[in-house]
Number of protein chains: 2
Amino acid sequence: MTQARVITPLFEDFAKVEHHHQLACQSCALSRLCLPLGLHRDDLTKLDQIIKRSAGYKRHQILFEPSSTFKTIFVVRSGSFKTTISATDGREQVTSFYFPGEFIGMDAIYQQRYLSTARALEASSVCELPYERLQEFSATIPELQNQLMTRLSKELSSDKNLLLSLGKKTAQEKLISFLLSLSQRFSERGYSSMSFQLTMSRGDIANHLGLAIETVSRLFTQLQDQQLMSIQGKEVTILDLPALKHRCG
Amino acid sequence: MTQARVITPLFEDFAKVEHHHQLACQSCALSRLCLPLGLHRDDLTKLDQIIKRSAGYKRHQILFEPSSTFKTIFVVRSGSFKTTISATDGREQVTSFYFPGEFIGMDAIYQQRYLSTARALEASSVCELPYERLQEFSATIPELQNQLMTRLSKELSSDKNLLLSLGKKTAQEKLISFLLSLSQRFSERGYSSMSFQLTMSRGDIANHLGLAIETVSRLFTQLQDQQLMSIQGKEVTILDLPALKHRCG
DNA sequence: CGACCGATTGATCTCAGTCAAAGGTTGTGG
DNA sequence: CCACAACCTTTGACTGAGATCAATCGGTCG
């Protein structure tokens, strides 16, 4: 039996909402992680009216790119996305991965245009938050404004941590911190922090961490040999969390 | 004659404000670059009352560190600062440099605690924006809220660009893009974009770009040999801007 | 079934890091 | 005001972590 057969769609629970495109925030499984957090019931009702629940995106489908006009911030409803930024000669850097409840496109607020390209890693769906309307609403809902600032600040924090990885960590430390941060985010979403599926390719991981694809592959086998984790295709199982935490820099 | 003798304090124009600690935003030379941008005259007067103009910081003096409690966002009034983030074993990554009009500490909004350590690179001064008061005011001044979001988004953008540098660029490309971004920022502040003083050490630059200090030093001599720029100590003069732009990735 | 794409493994190479030493610069105290 | 010390920068020689090149394997899909 190969492990490929047993892969179930990631974030299946959240994916259910795809069948109810107009599902209100109040009833959404994500509300605990998403914009609604801390908002009053009636504010939420108002917000609900401006949020557009988009149709699904297929694997590799583009959510936005620098040439798109900036009008909305996206929230992942189900599935996952990656964003990339390009050098003038076409080299690309994977800047982030996004999971349900996370906001994509906030770096476009300054300059009012997307800086990066966002692509679906698997069948996914998003909610669209029209930025102008969001701004209007923030004026009357202080908690919404607070929520937006917090989101921006959170992304800033994770970017700074990635800078530390890229600038100062060894290949192994980079990979371990990356996997531990994934584990953390899965756990926040109600999934196991000890065993999860990678929705991105080895190439995406390597690029994100400033490594070669072969290095990532070798590190995976190395981590398995050291009994720190088990990796079978896309499935990661953490075997020795303390040891990993000790080795993540 | 050594170039050291002719160095004048950087941001001298802005430094003048140090003699008028209570100088209102309206009269501040920075208002064009700073928070006041786009704010109405009477809103600004209100804002003025909550902004604390701090005494000066000496070279190497700490503005905040992770153990400090988060209460304020800082705006550079004169001089310059760097922020660093630390790995568990003490390795540090210089995440950003900050010049007059730029905001420091926004990554602390999420978690309500500073993620990084901020240190003055030279004799400097800041304005303190109490975050809670700022939040209150934002509720009544939509333009202020917009300004804050834009600032956060701008920092996010520059971090993403740095990620591209660290992940995908060669040592030379990293250094050139860094110098060109400095040039840009100096020019925005009314200084020459073709000739400016570095306020940070070679070590800070190297660390920021994920390089060794020796590599930065060698690259400087290399760029001089290629007649692309001239570097004498802390003074940088751009000689061939098109060629540099062509080589910055 | 065959073609294609992604992942693994091995062999080799290279860019930038490390180590080492010598100049320069800055700051301090007598 | 000078002299010494501490620190920063430059330059050279060598090394190594991870990239590149190359071949193979495996899984997926038409």
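Proteins come first, then strands; the chains are lettered A, B, ... in the order of their sequence lines, and each starts at number 1.
- Legend: residues meeting side chain to side chain contact (heavy atoms under 4.5 Å, CB included) with B/S181, ordered by chain and number and at least two apart, are B/R185.
- One atom, CD of A/E235, and another, P of C/dA7, lie 16 Å apart when rounded to the nearest Å.
- When the C1' atom of C/dA16 is taken as reference, atom CD of B/Q222 falls 12 Å away, rounded to whole Å.
- Rounded to whole Å, the distance from NE2 on B/H60 to C1' on D/dC8 is 11 Å.
- Applying the side-chain hydrogen bond (donor to acceptor under 3.5 Å, both in side chains) test to B/D159 and every residue at least two apart in sequence or in another chain returns A/K160.
- Separating the CZ atom of B/F220 from the P atom of C/dG24 is a distance of 19 Å, rounded to the nearest angstrom.
- Whole-Å rounding puts the A/D225 CG to C/dT9 C1' distance at 12 Å.
- Rounded to 10°, the angle separating the first-five-pair axis and the last-five-pair axis of the helix from C/dC1-D/dG30 to C/dG30-D/dC1 equals 40°.
- Screening residues 163-183 of chain A for salt bridge (Lys or Arg N to Asp or Glu O under 4.0 Å) gives A/E173-B/R91 as the qualifying pairs, with residues at least two apart or on separate chains.
- With sequence neighbours excluded, no residue forms a ring-ring contact (aromatic ring centres under 6.0 Å, His included) with A/Y110.
- Atom CG in A/L175 sits about 11 Å away from atom P in C/dT8, given to the nearest Å.
- Computed from coordinates, the A/M200 CE to C/dA7 P distance equals 12 Å when rounded to whole Å.
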Applying side chain to side chain donor-acceptor pair (under 3.5 Å) to A/E122 and A/S80, what does each step give before you reach the verdict?
CA-CA 6 Å; A/E122 60 189 315; A/S80 49; 2.6 Å; yes

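- For A/Q61, there are no side-chain hydrogen bond (donor to acceptor under 3.5 Å, both in side chains) partners, not counting sequence neighbours.
- Distance B/L219 CG to D/dG12 C1': 16 Å, rounded to the nearest Å.
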A correct 5'-to-3' footprint of nucleotides 15-22 of chain D, with B, S and - meaning base, sugar-phosphate only and no protein heavy atom under 4.0 Å, is ---SSBBB

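- Phosphate contact (OP1/OP2 of D/dT9, side-chain N/O of B/K234, threshold under 4.0 Å): present.
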Evaluation steps, side chain to side chain donor-acceptor pair (under 3.5 Å), between A/S78 and A/S125:
CA-CA 5 Å; A/S78 65; A/S125 62; 2.8 Å; yes

Between side-chain atoms of residues 217-228 of chain A and protein atoms elsewhere (two or more places apart, or another chain), which donor-acceptor pairs fall under 3.5 Å?
residue : atom : partner : partner atom : Å
A/T221  : OG1  : A/S217  : O            : 3.1
A/T221  : OG1  : A/R218  : O            : 2.8
A/Q224  : OE1  : A/I231  : N            : 3.0
A/Q224  : NE2  : A/I231  : O            : 3.4
A/Q226  : OE1  : A/Q172  : NE2          : 3.3

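- The side chain to side chain contact (heavy atoms under 4.5 Å, CB included) test applied to A/L241 returns A/L180, A/M194, A/I238, A/K245, not counting sequence neighbours.
- Residue B/S217 has no polar side-chain atom (N or O) positioned under 4.0 Å from OP1 or OP2 of D/dT11.
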